[in-house]
Amino acid sequence: MKIDYHVHLEEGPYSFRWLERTSEAIASFGLPDGLEKGTKDFVTWQVNAWKNRLDKGCYSEEWLDLYLKRAKQLGLKEVGIVDHLYRFRETRNYFEKNMLLDPSDDVGKVQRYWLDRVMTENMGDFVNSILSAKEKWSREGVDLRLGIEADYFAGCEAELVELLSGQPWDYVIGSVHFVDGWGFDNPQTVEIFETMNLKALYERFFETVEKAIRSEIFDFVAHLDNLKVFNFRVDDAKFNNEWYARIADALIETGTATEVNAGLYYRYPVKEMCPSPDFLRVLVDRGVSFTVSSDSHYPDDLGKYTGENANMLKELGVDKLVGFDGRVKKLYSF
């Protein structure tokens, strides 16, 4: 069973690079006959494609159709599309109280800029677009699942549950992108790593991941070691293995799944799957449940490395992958 359970439709901030990447994605599905890159006609087509994309937005049937087309090309049978909780205007208070946003501070200034430019959508629009597309995808042989990726902040569990309530999610992903209000995967603040005690930083990160798991809010918790995004790591096997075991035990004790996530491998400097090979072996040995995901943010990245990662899990002795429907866990044989 070929699946991809962590797929996004868009991500800001909006820039020339965003336009370029959007154009690449659309062009990957084929250019009009006779159109050649580098020509004036190509630029005209590109500008029109950008305008159409921006006018209709990331929740349009046309944009979703590209994901469906790619899913069919790859033979995927189930795709879970999510959006980040921080994309939605109605979650502003949740993020503002948990992020460093002081404009007099360099990190705060960068993060305020980022938040104001990614928080552009309405949750209901996202939910309705996926629900409306489910029947069409099913007719085409692909089951479409509705998910949400929600940042976890310790102490704000009740507020998060309230924000997630009232929507027909098939599954909820928990993720940690912030340590003490700092968004560590933002390349504009990567220099902060140089000032940190890495062991203390990883301890704070893994403590938060463990609390996210034990909150039992989430169906699976994503990219368990994404703090390594810029290749800053703790060179202490004992420390790492103790935390890997603690995270594995938390997953088992709460019945929470995780994923093998390819996003850091093909989009970030670390060039490694999440979790790392050593972390993965501990999780597998403890009997943790897995799904696989590309963490794509454009339709041409859908399914990237999900097949390879599924095969890797199989070679390690995992015989089933996890999916979800109406927040009920499902098991799929390879």
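Note that this is a predicted model, so its numbers are computed, not measured.
Here the side chain of Asp151 pairs no donor or acceptor atom with the backbone of Tyr86 at under 3.5 angstrom. Side chain of Thr91 to main chain of Tyr94: no donor-acceptor pair is present (N/O by atom type, distance under 3.5 Å, no hydrogens or angles). Judged purely by atom type and a 3.5 angstrom limit, Thr291 has no side-chain atom pairing as donor or acceptor with the backbone of Leu321. A side-chain donor-acceptor contact under 3.5 Å links Lys329 to the backbone of Gly255. For the pair Tyr171 (side chain) and Gly80 (backbone), a donor-acceptor distance under 3.5 Å is present. Judged by distance alone, with hydrogens and angles left aside, the side-chain atoms of Thr208 form a donor-acceptor pair with the main-chain N or O of Arg204 at under 3.5 Å. Checking side-chain atoms of Glu24 against main-chain N and O of Asp300 turns up no donor-acceptor pair under 3.5 Å. The backbone N or O of Ser129 sits nowhere less than 3.5 Å from a side-chain atom of Ser132 that would complete a donor-acceptor pair.
No more than 12 heavy atoms of other residues, nucleotides or ligands sit less than 6.0 Å from atom NZ of Lys77. Within 6.0 Å of the NZ atom in Lys211, the count of heavy atoms belonging to other residues, nucleotides or ligands does not exceed 12. The environment of CG in Asp106 is sparse: at most 12 heavy-atom neighbours from other residues, nucleotides or ligands sit within 6.0 Å.
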**Prompt:** Could you go step by step and tell me if Glu203 and Lys199 meet the salt bridge (Lys or Arg N to Asp or Glu O under 4.0 Å) rule?
**Reply:** CA-CA 6 Å; Glu203 188 151 0; Lys199 189 171 284 189; over 6 Å; no

**Message:** One pair to check against side chain to side chain donor-acceptor pair (under 3.5 Å): Glu62 and Asn52. What are the steps and the verdict?
**Reply:** CA-CA 10 Å; Glu62 186 174 340; Asn52 183 58; 2.8 Å; yes

**Message:** Under the criterion side-chain contact (heavy atoms from CB on, under 4.5 Å), I'd like the reasoning laid out for Ser28 against Arg70: C-alpha separation, chi angles, the key distance, then a yes or no.
**Reply:** CA-CA 10 Å; Ser28 73; Arg70 180 64 82 207; 3.6 Å; yes

**Request:** Verify side chain to side chain donor-acceptor pair (under 3.5 Å) between Asp41 and Thr39, making sure each step is shown before the conclusion.
**Result:** CA-CA 5 Å; Asp41 286 344; Thr39 64; 5.4 Å; no

**Request:** List the steps and the verdict of side-chain contact (heavy atoms from CB on, under 4.5 Å) for Tyr67 and Leu9.
**Result:** CA-CA 9 Å; Tyr67 286 80; Leu9 298 176; 3.5 Å; yes

**Asked** Yes or no on ring-ring contact (aromatic ring centres under 6.0 Å, His included) for Trp18 and Tyr298, after CA distance, side-chain angles and deciding distance?
**Response** CA-CA 10 Å; Trp18 181 87; Tyr298 295 91; 7.4 Å; no

**Message:** The test is salt bridge (Lys or Arg N to Asp or Glu O under 4.0 Å); show your working for Lys134 and Asp170 and say whether it passes.
**Reply:** CA-CA 12 Å; Lys134 280 190 171 192; Asp170 287 313; 2.7 Å; yes

**Message:** Please determine whether ring-ring contact (aromatic ring centres under 6.0 Å, His included) holds for the pair Phe184 and Phe232, giving the CA-CA distance in whole Å, both sets of side-chain angles, and the decisive distance to 0.1 Å.
**Reply:** CA-CA 11 Å; Phe184 55 78; Phe232 289 87; over 10 Å; no

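By the 30° and 60° cut-offs, the orientation of the rings of His177 relative to His84 is perpendicular.
The shortest distance between side-chain heavy atoms of Val318 and Phe334 falls below 4.5 Å. Between Glu90 and Asn122 the shortest side-chain heavy-atom distance falls below 4.5 Å. For the pair Trp45 and Ile26, the minimum side-chain heavy-atom distance is below 4.5 Å. With contacts defined as side-chain heavy-atom distances shorter than 4.5 Å, the pair Ser23/Trp50 qualifies. Proximity of Gln167 to Leu146: side-chain heavy atoms (C-beta onward) are nowhere separated by under 4.5 Å. Using a 4.5 Å heavy-atom cutoff, the side chains of Leu331 and Val322 are in contact. In this structure, Glu308 and Tyr265 have side chains that are not in contact, with every pair of non-hydrogen atoms separated by 4.5 Å or more. Glu259 places none of its side-chain heavy atoms less than 4.5 Å from the side chain of Tyr5.
Seen from the ring of Trp63, Arg53 counts as a face-on cation partner, given the 6.0 Å and 45° thresholds. By the 6.0 Å and 45° rule, Lys69 does not stack over the aromatic ring of Phe29.
Comment: Arg233 does not engage Asp225 in a salt bridge, judged by the lack of any side-chain N to carboxylate O separation of less than 4.0 angstrom. A salt bridge is defined here as a Lys NZ or Arg NE, NH1 or NH2 lying under 4.0 Å from an Asp or Glu carboxylate O, and Arg139 with Glu135 meets this definition. Taking the charged nitrogens against the carboxylate oxygens, Arg267 and Asp295 do have a contact shorter than 4.0 Å, which makes a salt bridge. Of the charged side-chain nitrogens involved, at least one lies within less than 4.0 Å of a carboxylate oxygen, so that Arg145 and Asp325 count as a salt-bridged pair. Salt-bridge check for Lys136 with Glu140: failed, with every basic side-chain N at 4.0 Å or more from each acidic carboxylate O. Note on Arg327 versus Asp219: salt bridge recorded, some NZ/NE/NH1/NH2 to OD/OE distance being below 4.0 Å. Using a 4.0 Å cut-off between charged side-chain N and carboxylate O, Arg246 and Asp249 make no salt bridge. A salt bridge does not link Arg112 to Asp105: none of the charged nitrogens lies less than 4.0 Å from a carboxylate oxygen.
Cluster annotation: Tyr113 is not connected to Phe178 through the hydrophobic network of ILVMFWY side chains, with a link wherever side-chain heavy atoms come within less than 4.5 Å.
With Glu10 as the partner, the salt bridge (charged side-chain N to carboxylate O under 4.0 Å, His left out) test is satisfied by one option alone out of Arg87, Arg117, Lys56: Arg87. The side-chain hydrogen bond (donor to acceptor under 3.5 Å, both in side chains) test with Tyr59 singles out one residue from Asn128, Asp125, Asp83, and that residue is Asp83.
Nearest approach of Tyr244 to Ser276, heavy atoms of both residues: OH-OG, 3.8 Å.
Atom NE2 of His223 is separated from atom CG of Leu264 by 7.5 Å, given to the nearest 0.5 angstrom. Atom NE2 of His8 and atom CG of Leu302 lie 12.0 Å apart (nearest 0.5 Å).
A donor-acceptor pair shorter than 3.5 Å can be found between the side chains of Ser294 and Asp4.
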